[in-house]
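Below is one structure, written out as structure tokens; the observations come after it.
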Amino acid sequence: MKPAPFRYLRPGTVDDALDLLTEHGPQAKLLAGGQSLIPTMNFRLSQPAVLIDLNRLGELAGIEESRRGLMIGAMTRQRAAERSGAVRDRAPLLSEAMPFISHPQVRNRGTIGGSLAHADPAAELPALMVALDAEFLVRDRDHQRRIAAADFYTGLFATALAPDEMLLSVEVPKTPKRTGWAFEEISRRHGDYALVGVATTITLDRKGRCDGAHIVLLSVGDGPVAASQAVAGLAGEEPTADAIRQAAEVTATRDIDPPADIHASAAYRRQLARVLTTRALTRAVARAQGAEVSETGAR
């Protein structure tokens with residue numbers, strides 16, 4: 001298949017890109033890594049009249065330490081984040097999960113911002129950013145604003161971005177003390193889209209009780225799904241094996257309403273959510289308690 005005809009534009013600055021986006025509006029698509037957009041164009045599932053290539057905008061690439069944690073430019077390649085020592089030190093959950101994203105060839109070209117803005121419900125990065133309490137810096141020609149990752153995803157392949165706005169960067173807070181993390185997913189083959197994935201963090205107080213947690217799932221809804229009822233049940237409790245099992249049960253039965261498709265039934269996805277949440281929380285708690293954890297995440 002070949003894409004429908006389109007006009008190709010390659011701005012040299014962010015201001016030029018925003019001017020073009022304002023001029024062409026919904027008829028335009030931004031090209032970052034192209035690992036999602038180009039295949040959909042080739043199948044003519046997406047037919048933009050104008051393609052605005054951002055690959056000359058080096059100012060949007062890079063990983064820098066910020067006051068809160070890390071600032072990751074939207075055009076940063078996924079492989080760069082995977083190999084970054086700063087990401088490993090300040091956002092270890094993100095570092096742990098990066099190898100689950102497709103294949104190295106895709107991560108070499110795919111960008112952090114491209115995946116986040118594409119908003120695929122089966123993608124790892126949106127769920128990770130919600131679990132990490134990240135904030136997105138977005139801008140149109142005249143203004144910029146911050147959007148919490150939890151508020152960024154509004155539906156199936158839908159975000160809070162206005163048609164003339166562009167994602168510039170994402171700020172990931174530094175992982176707090178006494179916080180454990182873990183990422184788990186199951187796919188038919190490594191590199192395939194996950195049937196279910198789970199990103200977790202848990203922070204313990206000085207008495208070993210849960211002082212905050214995140215359980216965010218992918219491939220079980222129209223976007224990242226936060227298991228809010230399960231997290232509420234953990235609050236203030238000691239995260240024992242029974243508490244973890246109960247949280248996983250609430251996640252699977254009350255927090256998600258997974259779809260059925262040719263790859264998995266809804267019941268199977270619920271069972272995967274139950275098992276993966278148990279595994280992820282168990283590893284996250286062990287890390288928060290300072291225990292050694294074997295790196296045996298499901299792939």
Answer yes if the side chains of R44 and Q47 hold a donor-acceptor pair under 3.5 Å, and no otherwise.
-> no
Keeping to residues at least two apart or across chains, list the side-chain hydrogen bond (donor to acceptor under 3.5 Å, both in side chains) pairs with something in residues 166-176.
-> S66-E171, R146-E171
Going by atom types alone, do D192 and H263 pair a side-chain donor with an acceptor below 3.5 Å?
-> no
Between the side chains of D19 and T22, does any donor sit under 3.5 Å from an acceptor?
-> no
Side-chain touch L31/L54, heavy atoms, less than 4.5 angstrom = no
Can you list every ring pair (Phe, Tyr, Trp, His ring centres under 6.0 Å) pair that touches residues 139-175, not counting sequence neighbours?
-> H118-F157, F136-F152
Do D205 and R209 meet the salt-bridge criterion of a basic N to acidic O distance under 4.0 Å?
-> yes
So with a 6.0 Å cut-off around CD of Q229, is the heavy-atom count from everything else above 12?
-> yes
So does R206 pair up with D211, basic N to acidic O under 4.0 Å?
-> no
Below 4.0 angstrom, N of the basic side chain to O of the carboxylate: do R139 and E165 qualify?
-> no
Which residue pairs pass the side-chain hydrogen bond (donor to acceptor under 3.5 Å, both in side chains) test when at least one of the two sits in residues 238-247, sequence neighbours left out?
-> D242-R245
Between D257 and R270, does at least one N-O distance fall below 4.0 Å, as a salt bridge requires?
-> yes
Measure the shortest side-chain to side-chain distance between L168 and Q144 over non-hydrogen atoms and say whether it is less than 4.5 angstrom.
-> yes
